[in-house]
Each structure stands twice: as structure tokens, then as C-alpha cells.
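This structure is a prediction, so every number in the text was calculated from the model and none was measured. The figures that follow rest on heavy atoms only: side chains count, while hydrogens, waters and symmetry mates do not.
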Amino acid sequence: MLRWLLVTMLALLLLQGLTGWLRKLGFGRLPGDFEFKLFGRVWQLPIASTVVLSMIAAGVARLL
């Protein structure tokens, strides 16, 4: 259980660090990615980008 929590946290940190690079590739701006301003802060819900990245990760996992 602790191992999966650690892996999840590391994956989230990695994705957070790669956010700028992924936005240059178009992730976060796909149709289905929502961005809104609330209480003076910009909130993002990258639903479509998450689905695309999950499919890519599943394909890589299947190849391995």
C-alpha cells in the first residue's frame, strides 16, 4: 500500500514538473479541458488530456 502511494506521489510530481513542456505540445488545451477563474485563481480540469496521457501510458505498459 505504501509503495503505491509513493509511486503515485512521484508520478504527480513528475507531471507537475513537465506541465510547461506538455502545454507546449498542446496538452491542457484540448477540447474537453476546462479552465476557469474563481476567487482570483485560475483552476484547470484537464479531462481530455488525462484520457490521452492514460492511453499513451497503457500502450507503453502493454509494450513492456
Determine whether [X] and [Y] fall in the same hydrophobic cluster, where Ile, Leu, Val, Met, Phe, Trp and Tyr are linked whenever their side-chain heavy atoms lie under 4.5 Å apart.
X   : Y   : result
L14 : V52 : yes
L5  : L13 : no
M9  : W4  : no
L38 : L45 : yes
I47 : W43 : yes

Hey, could you give me the [atom1]/[atom2] distance between [X] and [Y], rounded to the nearest 0.5 Å?
X   : Y   : atom1 : atom2 : answer
T50 : D33 : OG1   : CG    : 7.0 Å
R41 : F36 : CZ    : CZ    : 10.5 Å
K24 : L18 : NZ    : CG    : 12.0 Å
R29 : F27 : CZ    : CZ    : 11.0 Å

- For S49 and G28, work out which heavy atoms get closest and say how close. OG-N, 2.7 Å
- Taking the hydrophobic residues Ile, Leu, Val, Met, Phe, Trp and Tyr, and joining any pair whose side-chain heavy atoms are under 4.5 Å apart, which ones share a cluster with V42? none
